Amino acid sequence: MKSFDVVCIGVVLLDLPVGPVDEHFFYHETTMVDRIRLTTGGDAFNEAVILSRLGKKTALIGHIGKDMAGEMIVKRCAEEGIHYEGMLIDPEAETRINIAMIDQDGQRRFLKTQTKVSGSFLPEEIDFSLIKSSRAVSLASIFSSKLRNMDTILQIVQTAREHQTVTFADMVPMTGGEGLKDIEKILPYIDYFLPNLEEARLLTGKNTPDEMADCLLQNGVGNVMIKLGKDGCLIKSEKERYRLLAYPAQVIDTTGAGDNFAAAFIASALDGKSLRDCGSFAAAAAAISTEAAGAVEAVKNKQQIEAYQAENREIYS
């Protein structure tokens, strides 16, 4: 019997969403916006919050400082029911804070701090007992600041495979010249891979979503989910293929939509749902997440997502 449903590994920080703003912001001494509120940030933290709200017993591995922002993160973990004993809390480091500047269309640009906690995890910084005792592990973003050390990632996924822990992985665009060859040893250990369209294009060098998915499958990935933004998603395995539409949404802020998609997909997969049903549930969660400012302000529970699906059932009829 596993102690946890899932352990999320990656970036943990605080987000400060500000908006809506436009290009004239820098020409005014004072600009009034609808909302400024410090909230959950970082791929792993966002996923962990949503997974916990969807009823999954969730652990989190991240790196924060022993400061006011770090204390806020620990408090938020406790409030959300997230196990945070695997977190690195560094008394000599400063917890990261991102400022998300949101435009009129809900798209965002980030101002980020570079601190000691930005460096990639080393193998000795990972609590492998959490991976062994979880039903699933989520590598919240390969190539992100915390998951750039390929030896660390390889040890994580190999440990997961040895202990029958299902592996999920998202990614961010490569900024250090990395490519498919850099993760070729890792991909056969990934059961579910969830890049977005641009990330998949950069990684594979292919032109269409199907070609990208086929390339990843040929390199050993079990199942590929390519997020297509407003165009939905493509889900593909060796035996199945689904092109799902996006759900309608009144978009306020797209921050964390991919994290919400990943978390909802993981939760649905752990419930034993089909690939198509996992994709539909994840797409609904992602749509809901864009209707409030902040990555985890909109999605509250599983029943909310199911009700949203029911209201828009014609999308998947």
Side-chain angles (χ1 to χ4, degrees), residues 15 17-22 33-35 37 39-41 43 46-47 49-51 53-55 100-110 168 170 192 194-201 208-210 212-213 223-236 240-269 271 273-317:
D15 272 343
V18 178
V21 296
D22 59 25
V33 296
D34 294 340
R35 193 180 191 194
R37 181 181 178 185
T39 185
T40 298
D43 45 37
N46 293 337
E47 284 187 15
V49 169
I50 300 303
L51 278 159
R53 291 180 185 174
L54 296 180
M101 308 295 288
I102 306 166
D103 68 18
Q104 303 289 338
D105 298 320
Q107 301 302 311
R108 74 273 190 232
R109 299 293 184 272
F110 288 102
F168 296 82
D170 202 336
Y192 297 87
L194 301 95
N196 67 28
L197 180 63
E198 183 58 24
E199 293 159 355
R201 178 182 291 117
T208 70
D210 273 290
M212 297 170 201
N223 304 273
V224 178
M225 286 62 60
I226 298 180
K227 295 167 289 190
L228 305 174
K230 60 182 177 58
D231 294 321
C233 65
L234 172 71
I235 300 175
K236 203 165 187 179
E240 298 177 77
R241 179 194 182 277
Y242 305 103
R243 179 68 182 265
L244 304 183
L245 300 175
Y247 280 89
Q250 299 297 315
V251 177
I252 294 175
D253 178 13
T254 60
T255 303
D259 299 335
N260 279 262
F261 182 101
F265 192 99
I266 293 168
S268 194
D271 286 340
K273 301 297 184 181
S274 68
L275 276 177
R276 188 179 189 279
D277 287 346
C278 288
S280 173
F281 188 74
I288 293 170
S289 76
T290 67
E291 297 188 333
V296 299
E297 299 305 303
V299 172
K300 304 301 183 185
N301 51 53
K302 180 179 180 180
Q303 293 73 28
Q304 175 198 21
I305 299 173
E306 291 174 338
Y308 191 87
Q309 288 181 286
E311 292 170 5
N312 297 278
R313 193 160 301 280
E314 71 279 2
I315 299 272
Y316 287 93
S317 61

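All of these numbers come straight from a predicted model, not from anything done at the bench. Side chains included, hydrogens not; waters and symmetry mates left out as well; all remaining heavy atoms used.
E199 places a side-chain N or O within donor-acceptor distance of the main-chain N or O of N196, the cut-off being under 3.5 Å. Side-chain N or O atoms of Q304 include one that pairs as donor or acceptor with a backbone N or O of A298 at under 3.5 Å. Judged purely by atom type and a 3.5 angstrom limit, D253 uses its side chain to pair as donor or acceptor with the backbone of T255. Between the side chain of E291 and the main chain of Q250, a donor-acceptor pair closer than 3.5 Å is present.
The shortest side-chain heavy-atom distance between R276 and E240 does not fall under the 4.5 Å cut-off. Looking at heavy atoms from C-beta onward, V18 lies in side-chain contact with M101 at the 4.5 angstrom threshold. Contact of the D15 side chain with the T40 side chain is not registered, since no non-hydrogen atoms from C-beta on lie closer than 4.5 Å. Counting only heavy atoms from C-beta outward, the side chains of D277 and Q309 never approach each other to under 4.5 Å. Residues Y192 and L275 form a side-chain contact, since some pair of their non-hydrogen atoms from C-beta on lies under 4.5 Å apart. Taking 4.5 Å as the limit, every side-chain heavy atom of L234 sits out of range of all side-chain heavy atoms of Y242. Side-chain atoms of M225 and C233, non-hydrogen and from C-beta on, never get closer than 4.5 Å to each other. Taking the side chain as every heavy atom from C-beta outward, I235 and I226 never approach each other to under 4.5 Å.
By the 6.0 Å contact criterion, NZ on K230 is open, its count of non-hydrogen atoms from other residues, nucleotides or ligands being 12 or less.
Between D103 and R109, no side-chain nitrogen of the basic residue sits less than 4.0 Å from a carboxylate oxygen of the acidic one, so the salt-bridge criterion is not met. Remark: K227 engages D170 in a salt bridge, criterion side-chain N to carboxylate O under 4.0 Å. Salt bridge absent: D231 and R243 never bring a charged side-chain N and a carboxylate O closer than 4.0 Å.
Of the candidates I266, N260, D259, N260 is the only one forming a side chain to side chain contact (heavy atoms under 4.5 Å, CB included) with I50.
Between F168 and F265, the ring planes are perpendicular. Angles over 60° get that label, and only those under 30° would be called parallel.
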